[in-house]
**Student:** 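Sharing a structure here in structure tokens format.
The shown structure was predicted, so the numbers you read here are calculated from the model rather than taken from an experiment. In what follows, every chain begins at residue 1, and chains take the letters A, B, ... in the order their sequences are listed.
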2 protein chains.
Amino acid sequence: MTKLHILISEKLRRQILNGTYQPGEQLPSERQLMESFEVSRITIRRAISNLVNQGLVESQQGKGVFINHRQKVTYSLSSPLIFLEQDMQRQGIDFVSRNLVFEEILAPKDVKVALNLSPEEPSVYLQKKLFLINNDPGGIDVTYIVPDLGKTYAQELQQKMTFPFLEKQGIRIERLDSVLECTYADREMSEYLEVNLGHPLLVFRYTAFTAENRPILQGESLSRGDRFCYSLSISRDRPPV
Amino acid sequence: MTKLHILISEKLRRQILNGTYQPGEQLPSERQLMESFEVSRITIRRAISNLVNQGLVESQQGKGVFINHRQKVTYSLSSPLIFLEQDMQRQGIDFVSRNLVFEEILAPKDVKVALNLSPEEPSVYLQKKLFLINNDPGGIDVTYIVPDLGKTYAQELQQKMTFPFLEKQGIRIERLDSVLECTYADREMSEYLEVNLGHPLLVFRYTAFTAENRPILQGESLSRGDRFCYSLSISRDRPPV
DNA sequence: TTCGCTTACTTGTTATAACAAGTTGTTTTA
DNA sequence: TAAAACAACTTGTTATAACAAGTAAGCGAA
């Protein structure tokens, strides 16, 4: 009546949540589970796939299925990402960013609009960065940078964190207009982040403005939905100072 | 040597994204796809499952597999949720909330801490609400309400939107401390929201404070990750007015 | 001792098969 | 005519089977 694979994955789920299986531990092998539940391999694999989809376990070919640690890394959005490195340090996390792409390209139409580019400057700088958390790929940043900044700071932007670096140059980002949502890893993302096709990702999409209300960056930060979260504090509007 | 199910789902994915298959349209049936790709049913089903996991299609038993609409409903976090109804109206969305549970319970420990309850008032009001978007379940709100408010406004809270109602009563929420993250539908959620086990959900978790810095609500809003997003504007810290 | 092979485990992919269950339209029956 | 039964489709669940591929440990040869 109720499906076998659901009965099994629910039972395993309870055992994981109540600590019968601890994070890092290995689940019994498919063969063992087949015997103890007296079902076929396809059913066991379906049950395990349910657990994977719920983010409770991860499987590694040739090794086994392992219970996940369920602690997330927090991005703080209270001030616009200037203190990202400090935040990570505070959480005791080894946060490394690796430059993948940095090139001048013809601006896509939506970027042109968002960055308010004139027809005479049809190019932007595109940067892609990979974030490693404790040596594990955790996310990807795709940023479009206004041409004058991209050209001036081409070297430094490839080595340093964007927001703190710009701040040090006296380029103060006053406001981020942003959207947070969920997507799914496509082929490219699943290869970069070493996750399954369709793995849930958190997307932080933003446009960054200076005090003069000039848009200078448009970015998209995609990170593993099972490993990251965003914290923010929302206050009632106050009249301008 | 790349896997068959990935080759197939990638091909279908391209066709969906380039408009060969339009949202609302039906994919060819498993039998037809088996024939045209000359693979077994298990491979076709795996390929379709990839598309489901990428949020591109949805399957209905007995009917077929249909291409999803990929437009999301936006929750605006610019001011703390007072204008939710107006926001939805502006997006042309039929937003209905249905009370599921409203009861006085013994406060769980973490809620007790978050709401700063004294040992003499060990109870809180627990409310669960289901949100329907255009008559489709879209999310669930779980809210813990400080006992005095819960008792005083028991009737109204079950009928009206929490934030606008409190505002009208002169209870002004000044600040929300919140976290946005991704989870996965467990059994209960998948039944409420009519989605698969493990379906990605967006979680908005918050504590609401009055101007006197008193926490009065703790809530958790879980909504379908494929249907919702949150927008926010982040400004640089300004000195208090 | 160390390198490389074999072996025995693990999970991953794919095929074939049978039946369950939901949907829809047609046909039969009361 | 209207309700019930049926047929022909759809996707969903489960079983059996074979082989691929990754891991790890042991064993033997250089």
**Student:** Check side chain to side chain donor-acceptor pair (under 3.5 Å) between Asn68(B) and all other residues, then give those that pass, not counting sequence neighbours.
**Tutor:** none
**Student:** Rounded to the Å, how far apart are Leu27(A) CG and dT11(C) P?
**Tutor:** 9 Å
**Student:** Can you tell me if Lys63(B) touches the phosphate of dT10(D), counting only side-chain N or O atoms and a distance under 4.0 Å to OP1 or OP2?
**Tutor:** no
**Student:** Who are the salt bridge (charged side-chain N to carboxylate O under 4.0 Å, His left out) partners of Lys11(B), not counting sequence neighbours?
**Tutor:** none
**Student:** Taking only residues two or more places apart in sequence or in another chain, which ones pass ring pair (Phe, Tyr, Trp, His ring centres under 6.0 Å) with Phe228(B)?
**Tutor:** Tyr75(B)
**Student:** Atom CD of Glu58(A) and atom P of dG12(C): how far apart are they, to the nearest Å?
**Tutor:** 11 Å
**Student:** Which atom pairs, one a donor and one an acceptor, fall under 3.5 Å between side chains of residues 54-66 of chain B and the rest of the protein, sequence neighbours left out?
**Tutor:**
residue	atom	partner	partner atom	Å
Gln54(B)	OE1	Arg13(B)	NE	3.0
Gln54(B)	NE2	Asn50(B)	O	3.3

**Student:** Specify the separation, in whole Å, of atom CD of Gln61(B) and atom P of dG22(C).
**Tutor:** 6 Å
**Student:** Base, sugar-phosphate alone, or nothing: which one does Leu4(A) contact when heavy atoms must sit under 4.0 Å apart?
**Tutor:** sugar-phosphate
**Student:** With sequence neighbours excluded, tell me which residues meet ring pair (Phe, Tyr, Trp, His ring centres under 6.0 Å) with Phe165(B).
**Tutor:** Tyr153(B)
**Student:** Please identify each residue that fulfils salt bridge (charged side-chain N to carboxylate O under 4.0 Å, His left out) with Arg187(A), with sequence neighbours left out.
**Tutor:** Glu191(A)
**Student:** What is the separation between atom CD1 on Ile8(A) and atom C1' on dT14(D), rounded to the nearest whole Å?
**Tutor:** 11 Å
**Student:** Looking at residues 187-200 of chain B, who's got a heavy atom less than 4.0 Å off DNA chain C?
**Tutor:** none
**Student:** Got a sec, which residues hit salt bridge (charged side-chain N to carboxylate O under 4.0 Å, His left out) with Lys160(B), two or more places apart in sequence or on another chain?
**Tutor:** none
**Student:** I need the residues from residues 29-45 of chain A with at least one non-hydrogen atom less than 4.0 Å from DNA chain D; give them sorted by number, or say none.
**Tutor:** Val39(A), Ser40(A), Arg41(A), Ile42(A), Thr43(A)
**Student:** Over how many whole Å does the gap from Arg46(B) atom CZ to dT14(C) atom P extend?
**Tutor:** 7 Å
**Student:** Do His199(B) and Asp226(B) have side-chain atoms, one donor and one acceptor, less than 3.5 Å apart?
**Tutor:** yes
